[in-house]
Amino acid sequence: MMQTREGKGNTMATTIKYKPAGNLSWLVSTIYIVFLLLPIYWLVNMSFKENAEITGAFSLWPQSPTLRNYMVIFTDPSWYNGYINSIIYVVLNTVISVLAALPAAYAFSRYRFLGDKHLFFWLLTNRMAPPAVFALPFFQLYSAFGLIDTHIAVALAHCLFNVPLAVWILEGFMSGVPKEIDETAYIDGYSFPRFFVKIFMPLVASGIGVAAFFCFMFSWVELLLARTLTTTAAKPISAIMTRTVSASGMDWGVLAAAGVLTIVPGALVIYFVRNYIAKGFALGRV
Amino acid sequence: MEKTWNNKAWFLVLPVLLLVAFSAVIPLMTVVNYSVQDTFGNNEFFWAGTDWFDEILHSARFWEALQRNLVFSFIILALEIPLGIFIALNMPKKGLGVPICLVLMALPLLIPWNVVGTIWQVFGRVDIGLLGHTLAALGIDYNYVRDPLDAWITVVVMDVWHWTSLVVLLCYAGLVSIPDAYYQAAKIDGASRWSVFRYIQLPKMKRVLLIAVLLRFMDSFMIYTEPFVVTGGGPGNSTTFLSIDLVKTAVGQFDLGPAAAMSIVYFLIILLLSWIFYTVMTSHDADA
């Protein structure tokens, strides 16, 4: 597992590691990373160019670098509100998902109860459900409750796939905590809520962090539901970008700058969870 | 871990249950409701029985979209899984290279899906994109807007770009969990590079590979945003996958009945796949 490698104790024997496929192995990683970064570089490159340069001359880097595109986004409310909207519903969703998932994951990791396996499976089917199936009914349901175009609507809709995800990830982490800890705490006279908050949650803190990160991420990258449920007041940045794509008279520079700004949050937090990313994608089962 | 039988655990699950019921069960019931009724507007509904299901299951459009989706998922798996294993095997195992590789490789996974579409839409354009421009300069006729084959290649390469890192990260997590003693034993036995892979690394990666295959299959099976942004399902219908077709029917044409029936068929397919996923994973948990 990744964290054991990074952590204590496992370092002594690493010198006898097998040689991966000769001395050219670094080349494979390098080529792959270049392949990953080229399209991103091109977007960053475009975001610093004038529109005339983008469509007129073909250049590998900005000939006359400009911050105009970023200025447009940071000064026009219809642009920067998109970011604020996205962040509001993403944070709301992360908080709701993790808070609801914590006790449920504990129940799944510690107890057997009537229908537990069916319930766990049913949660998984929601993670696997295509958002396209839910787009229309969500719209009607939230219209009935008068929730259309509010942040909470998108946050609740994203619970469809984030709550199951959080339950699965947290269950994986919680199963790694020995049961004796619970029992000792009860013998010491801790009540369940006090034990859970004071003793158990610090023990699975990294799991909570990873679950929160994944909720944040999947809510951040989703567009279909977010776009369906909003019109103006809560419209996410990604939907504002789509509108610009379809408009005539493309403002390529601003589009590129907006795209670059959506990559930034993920790129910033990824460093902290780098050793847990695989575990998160594996729904806590690596 | 030994689990105790305790039905009171249901109270701990209750918040999740209510939340997911609100965001999954009620909407799904709406879909079921629409799938058996017809409407002429004014909120008047008529019982239509299984007509819509009949229509969907006999519509060439649905089967073509399903077929395209299956072909797409198959290509994706055939490309991403071997490539992911290969890259994971060649990743640095210690030193400064590890965090750098992990962070850079995970980058595409965190980009909003429509921005992934936008990136490739721009990247592939002949007039302003690096890829399209370079190909044109090399004399290759490439235009993803006009040519169905080029559109397919673009969507496939985009998905490889977007998701291969997931396979790499999972395989890498499996690889670093192999104790060094295994490699030492292999070395003493004079095992070849291939037998190390075949008898030590592959068995240890089996579990994560399983997860990777199933996740990639299911996510590619419900792909929507990325091809929608790049090709809009075209040219013609050549890249109209199930999700795109469904949204076109439901939101574009507002054909509620057929869209609902299609949703249910689609959902049943996913349900079957999830069941296979779950069975395989839990039987694996039992082995481990």
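We use all heavy atoms of the structure for the numbers below, so side chains are in, but hydrogens, waters and symmetry mates are not. Residue numbering restarts at 1 for every chain, and letters A, B, ... go by the order of the sequence lines.
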Less than 4.5 Å to any heavy atom of chain A: does that hold for the side chain of [X], its backbone, both, or neither?
X	answer
S243(B)	both
L166(B)	side chain
M218(B)	side chain
W120(B)	side chain
I111(B)	both
L107(B)	both
V103(B)	both
N33(B)	neither
V167(B)	neither
I270(B)	side chain
Y34(B)	side chain
L14(B)	neither
I128(B)	both
S23(B)	both

How far apart are the closest heavy atoms of [X] and [Y], and which atoms are they?
X	Y	value
L110(B)	W220(A)	O-CD1, 4.2 Å
F121(A)	L271(B)	CZ-O, 4.1 Å
A9(B)	Y111(A)	CB-CD1, 3.7 Å
V247(B)	A132(A)	CG2-CB, 3.8 Å
R127(A)	M222(B)	O-CE, 4.1 Å
V16(B)	A100(A)	CG2-O, 3.1 Å

So which part of [X] gets closer than 4.5 Å to some heavy atom of chain B, the side chain, the backbone, both or neither?
X	result
L38(A)	both
F214(A)	neither
L156(A)	both

Item to check | Short side-chain to backbone donor-acceptor contact, W10(B) and L114(A), under 3.5 Å | outcome: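 Judged by distance alone, yes, a pair lies under 3.5 Å.
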Checklist entry - Sub-3.5 Å donor-acceptor pair from the side chain of Y271(A) to the main-chain atoms of P99(B), do we have one? => result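 No, Y271(A) side chain to P99(B) backbone: no donor-acceptor pair under 3.5 Å.
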Note, [X] side chain near [Y] side chain (heavy atom, < 4.5 Å):
X	Y	result
P92(B)	W26(A)	no
V116(B)	V221(A)	no
Y32(A)	N90(B)	no
L136(A)	L246(B)	no
T4(B)	R110(A)	no

Checklist entry - side-chain contact (heavy atoms from CB on, under 4.5 Å) between L141(A) and T30(B): does it pass, once the steps are laid out? => result CA-CA 8 Å; L141(A) 177 67; T30(B) 326; 5.6 Å; no
Verify the neighbour count for atom [atom1] of [X]: are there more than 12 heavy atoms of other residues, nucleotides or ligands below 6.0 Å?
X	atom1	answer
F221(B)	CZ	yes
W5(B)	CH2	yes
F272(A)	CZ	no
Y182(B)	OH	no

Checklist entry - Between F22(B) and F145(A), is the gap from one ring center to the other below 6.0 Å? => result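 Between F145(A) and F22(B), which both carry aromatic rings, the centre distance is below 6.0 Å.
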Next on the checklist: N114(B) vs R227(A), test: side-chain contact (heavy atoms from CB on, under 4.5 Å). Steps then yes/no.
Outcome noted: CA-CA 11 Å; N114(B) 68 313; R227(A) 191 188 60 188; over 6 Å; no
